[in-house]
Amino acid sequence: MAVNKVGILLAFLLVYGIVLIRVDGQYDGGKVCAQVCEQRVATMKCPPGNKPTRPLCVNCCTAGTGCKLFRSDGSLLCTGT
């Protein structure tokens, strides 16, 4: 009986973890990114073209591959991977 309770508890925790990943982050090829807006980002430049944009909500993890995030003073904050 105790084994069944442990199995049920483990199954519940697994499902709960999967739900949290889907709600709080995005799964992208083995990378889980929190959906938190980086307040220091003023502009973002993404290839091809590298045209500056003002993203509404982005962080270093959710930025696309090669996208560069810049602070308001023009300094590089990070590059998306």
Side-chain angles (χ1 to χ4, degrees):
M1 187 65 152
V3 174
N4 287 341
K5 288 181 181 179
V6 171
I8 291 171
L9 179 62
L10 288 175
F12 174 78
L13 290 175
L14 178 65
V15 170
Y16 186 70
I18 291 170
V19 169
L20 284 179
I21 288 172
R22 286 293 172 197
V23 170
D24 291 337
Q26 65 186 25
Y27 181 78
D28 182 22
K31 178 173 76 169
V32 176
C33 299
Q35 295 296 312
V36 178
C37 301
E38 174 59 71
Q39 300 299 320
R40 298 175 293 171
V41 175
T43 59
M44 178 172 72
K45 294 181 181 180
C46 294
N50 292 319
K51 179 182 174 189
T53 59
R54 292 183 177 260
L56 295 177
C57 181
V58 69
N59 62 42
C60 296
C61 184
T62 59
T65 303
C67 292
K68 296 182 180 194
L69 305 179
F70 296 92
R71 296 179 183 92
S72 59
D73 66 359
S75 63
L76 179 66
L77 181 63
C78 62
T79 302
T81 56

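In what follows, residues are counted from 1 in the order of the sequence shown.
Under the 4.5 Å side-chain criterion, counting only non-hydrogen atoms from C-beta, Pro55 is in contact with Val41.
What you find for Cys67 and Pro47 is that their closest heavy atoms are N-CD, 4.1 Å. When every heavy atom of Cys78 is checked against every heavy atom of Leu76, the shortest pair comes out as O-CD1, 3.5 Å.
To the nearest 0.5 Å, the span separating OG on Ser72 from CZ on Arg40 amounts to 11.0 Å. Atom SG of Cys57 is separated from atom CD of Glu38 by 10.0 Å, given to the nearest 0.5 angstrom. We find the CG-CG distance between Asn59 and Leu69 to be 8.0 Å, quoted to the nearest 0.5 Å. For the atom pair NZ (Lys45) and NZ (Lys68), the distance works out to 9.0 Å, reported to the nearest 0.5 Å.
No path of Ile, Leu, Val, Met, Phe, Trp and Tyr side chains, each step under 4.5 Å between heavy atoms, connects Val58 with Phe70, placing them in separate hydrophobic clusters.
Sparse packing is recorded around CG of Leu56, with 12 or fewer heavy atoms of other residues, nucleotides or ligands lying under 6.0 Å away.
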